[in-house]
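These notes are about the structure you will find just below.
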Protein chains: 2
Amino acid sequence: MPAKKTRARRPATRSRVPLAGARVPGGLRDGERVLITSHDVAALAGVSRSAVSRTFTPAASVSDATRRKVQRAAAQLGYQPNVIARSLITRQSRLIGLIMGEWENPFYAAMLRQFSEKLQARDYRVMLLAGSSEKDVDDSVRLLRQYQVDGIVLVSAAPSEELAAECARAGVRLVLLNRERQGLPATSIVLDNAGIGRELAALLLNVGYQRFLLVRGRAQLRAGIERQDGFRSVLNAQRRGQIIGEGTDLVGYAAGRQFIREFVEAGKQPDAVVCSSDLTALGVLDGLRIDLGQRVPDDIAVVGFGDIPAASWAANELTTVALPLDGMIDAALSDMFDDSGADRPRRVVLPGRIIERSTTRTVASIQAAPSR
Amino acid sequence: MPAKKTRARRPATRSRVPLAGARVPGGLRDGERVLITSHDVAALAGVSRSAVSRTFTPAASVSDATRRKVQRAAAQLGYQPNVIARSLITRQSRLIGLIMGEWENPFYAAMLRQFSEKLQARDYRVMLLAGSSEKDVDDSVRLLRQYQVDGIVLVSAAPSEELAAECARAGVRLVLLNRERQGLPATSIVLDNAGIGRELAALLLNVGYQRFLLVRGRAQLRAGIERQDGFRSVLNAQRRGQIIGEGTDLVGYAAGRQFIREFVEAGKQPDAVVCSSDLTALGVLDGLRIDLGQRVPDDIAVVGFGDIPAASWAANELTTVALPLDGMIDAALSDMFDDSGADRPRRVVLPGRIIERSTTRTVASIQAAPSR
DNA sequence: AAGCAACTTGCACACGTTTGCAACGCGTGT
DNA sequence: ACACGCGTTGCAAACGTGTGCAAGTTGCTT
């Protein structure tokens with residue numbers, strides 16, 4: 001496609017009547033493009049453009065006879081209604097913008113898939129943009145607004161306050177997934193992070209782990225902080241166990257593997273590592289077993305977050321917390337399409353679920369061979 | 001957003017002049033939506049709509065004075081040009097459709113990312129659709145045509161011939177990624193699969209493996225077949241080694257793990273398993289080591305395809321073949337945007353690269369401890 | 001036969017933008 | 001003083017569609 005070329009304007013009196021009997025569709029030539037419009041179909045079917053339009057509008061009033069005529073003509077010409085033009089007049093693009101800032105984590109690939117499938121099912125389309133920094137996100141939001149999207153889902157940083165306010169004024173709904181930010185006119189779908197932190201602490205204490213290393217992802221995310229706070233609160237309440245170290249801004253396998261190694265080689269030895277992503281946890285696990293020669297779960301426990309496919313592989317069998325992917329997406333979508341008039345910037349919090357596999361001891365294993 | 005509601009038509013004589021001095025943008029109310037148009041900006045700046053349009057058109061002729069006036073007004077109102085309306089008149093949507101049929105494999109997540117980033121850089125947007133069966137794909141293509149996309153990239157099945165022909169007529173370019181189909185007016189980006197098969201066979205024979213098990217993904221894909229043919233041709237030429245079994249339609253970790261187990265338990269014992277995806281290979285690897293207690297690479301080799309991140313993890317160290325992701329995407333894009341007039345349904349074949357890790361013996365290991 | 005309701009159909013305007021064309025302003029050269 | 005040219009500006013016609021309104025048609029009831 002030539003990117004920039006002065007369009008050859010066709011004469012106003014061009015013939016728009018397709019060759020009535022020809023098998024090859026008529027339509028109009030415009031440089032290399034051929035576009036068949038409702039006009040062409042109308043002419044071939046011997047009806048008005050309105051009839052064509054109504055044939056393709058579900059609830060419109062057309063007789064079966066004309067509808068059939070139109071459908072025949074449309075099929076013959078390969079006519080597809082032009083959604084761009086339709087959007088212009090209906091002021092609804094049926095487009096949802098999706099800004100993606102997390103690509104490494106397989107969990108988000110699954111999310112992406114579900115999103116596009118579920119939106120497709122509702123007869124909406126997704127426009128995908130990549131962007132991680134706040135500046136990127138702002139640019140992306142601006143772009144999406146230019147495309148008149150009906151809503152924006154963010155799996156990334158939040159946009160700036162001014163831009164979010166602008167979206168709110170324009171009636172474009174914002175949904176933050178797995179993120180939140182105070183005072184933004186945007187719905188947040190988040191996990192009960194503090195609750196998960198508490199459950200994790202209780203579980204680990206219960207099977208005898210005591211010296212914890214807490215590993216977080218991106219430093220500025222509230223989620224990780226809340227999880228740690230929940231975790232800590234149980235330690236304080238039970239007056240057992242201690243946090244002997246923390247790691248921040250660790251994202252991905254390599255980061256986890258390197259971090260645990262340096263941590264242990266610096267002379268500190270946890271007996272349980274709690275990570276904020278499965279990828280990091282798997283890095284820690286391999287670092288522990290392969291680089292450091294430690295026994296998991298006997299000497300040390302590892303727990304992840306997200307329950308990505310690799311967590312359940314036989315070589316890993318990682319204890320982790322499963323996220324309610326379906327629930328998150330349904331929540332996002334139902335907020336996006338909700339027109340009950342409920343007060344809008346909502347906050348949906350969903351529970352996670354701990355999946356015990358083989359990187360943590362179980363109560364049974366404890367009883368069989370009591371620790372120390 | 002109310003999905004279906006008769007739009008309250010506003011009176012033809014509505015006031016379109018924004019409150020001149022007000023800080024809150026004027027614009028027009030339409031139900032819940034507020035939309036600021038070039039008209040509003042023009043009024044505030046005291047110029048015509050044309051001037052506004054030209055300000056936002058890079059190569060247009062506007063004086064610096066009016067451009068500044070317009071920009072000030074636009075900023076004040078938060079105006080964004082309506083790309084929908086622009087597309088209608090320029091007959092260019094700057095939209096590329098991307099139909100995705102492969103979601104499990106992390107390799108395709110990386111591809112998705114690169115695509116959206118590189119298209120964004122060229123000032124194009126990507127519309128993402130999910131679809132795997134040919135019917136899904138046809139539906140998706142139709143949808144994309146309704147949105148007037150400038151091109152379609154398929155990482156999925158190919159569309160039907162009629163539909164592809166229709167796209168060709170409409171000037172919408174089709175690019176198949178990692179797929180191909182004879183006689184379709186679509187460019188294919190493929191790997192040199194036969195070449196990879198040959199290299200793999202040579203490598204494995206060279207370090208002493210003899211009894212091969214070949215595992216393929218989706219049965220109908222040419223790629224897997226070509227790879228096997230290449231592999232076989234080397235065996236024939238060298239009169240060494242034999243293929244003792246094949247598996248088809250195995251996709252994903254679980255399938256690989258189960259398959260190898262059943263295969264061996266049925267009494268057959270390969271000494272090298274060649275898989276057509278890393279995921280399957282990792283399943284086979286775990287099945288071999290954990291379920292079957294075999295030693296890799298001493299007793300048996302495993303090789304994958306794709307070089308996904310998990311392949312390089314310390315616990316796996318999978319020998320695999322790396323795909324030229326960048327090259328594939330650049331090829332797809334440059335074909336899509338090429339206007340040199342080269343004959344179009346092209347066929348680009350790219351080389352893969354074998355990455356030897358620890359699931360195959362090396363020549364050095366052979367010499368240290370000669371096999372049998 | 002006339003009246004009426006229900007349904008169908010076409011006209012024409014609107015959506016927000018781009019852009020060819022003509023008009024205009026202004027400086028310069030003769 | 002006038003002609004000329006150049007850069008800027010506004011007018012108005014598109015782009016392809018949806019839809020309120022009024023006119024037309026049909027079938028039924030009285």
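Convention: sequence-line order gives letters A, B, ...; per-chain numbering from 1. Owing to the predicted nature of the structure, the values given are computational and were not obtained by experimental measurement.
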Distance-only donor-acceptor check, side chains A:Ser63 and A:Thr66, under 3.5 Å: yes
Any B:Ser38 side-chain nitrogen or oxygen under 4.0 Å from OP1 or OP2 of C:dT17: yes
Side-chain N or O of A:Ser63 closer than 4.0 Å to phosphate OP1/OP2 of C:dT9: yes
Separation between CE of A:Met127 and OG of B:Ser116, rounded to the nearest 0.5 Å: 11.0 Å
Carboxylate-amine/guanidinium proximity below 4.0 Å for B:Arg179 and B:Glu102: yes
Sugar-phosphate, base or nothing in reach of B:Thr66, heavy atoms under 4.0 Å: sugar-phosphate
Side-chain donor/acceptor contact of B:Arg54 with base of D:dG10 under 3.5 Å: yes
Whether B:Tyr79 and B:Phe56 hold their rings parallel, tilted or perpendicular, with breakpoints at 30° and 60°: perpendicular
Donor/acceptor link under 3.5 angstrom from B:Ser50 side chain onto base of C:dT19: yes
Under 4.0 angstrom between A:Tyr79 side-chain N/O and D:dT17 OP1 or OP2: yes
Phosphate contact (D:dC15 OP1 or OP2) by B:Arg91 side-chain N/O below 4.0 Å: no
Value in whole Å for how far the P atom of D:dG18 lies from CG of A:Asn82: 9 Å
No-H, no-angle donor-acceptor pair, A:Ser48 side chain to C:dC11 base, under 3.5 Å: no
Interatomic distance where CG belongs to B:Asp40 and C1' belongs to C:dT17 [whole Å]: 13 Å
Separation of C:dG10 P from A:His39 NE2 (nearest whole Å): 13 Å
Sugar-phosphate only, base, or nothing, as touched by B:Phe56 at under 4.0 Å among non-hydrogen atoms: nothing
Minimum-distance nucleotide to B:Ile89 side chain [options: C:dT9, D:dT9, C:dG16]: C:dG16
Sugar-phosphate only, base, or nothing, as touched by A:Ser61 at under 4.0 Å among non-hydrogen atoms: base
Rounded interatomic separation in angstrom, taking CD from B:Gln92 and C1' from D:dA14: 17 Å
Whole-Å distance separating the CG atom of B:Leu88 from the P atom of D:dA13: 17 Å
d(CD, B:Gln80; P, C:dG16) in whole Å: 15 Å
Sidechain-backbone polar pair: B:Arg173 side chain, B:Ile152 backbone, donor-acceptor under 3.5 Å: no
Base C:dG10 to side chain A:Arg49, donor-acceptor N/O within 3.5 Å cut-off: no
Closest to side chain of B:Val62, choosing from D:dT17, C:dT9, D:dT9: D:dT9
Below 4.0 Å: OP1/OP2 of C:dG16 and any side-chain N or O of B:Thr37: no
Rounded distance in Å - CZ (A:Arg145) to P (C:dG16): 13 Å
Value in whole Å for how far the C1' atom of C:dA14 lies from CZ of A:Arg86: 16 Å
Ion pair B:Arg181/B:Glu161, N-O distance below 4.0 Å: no
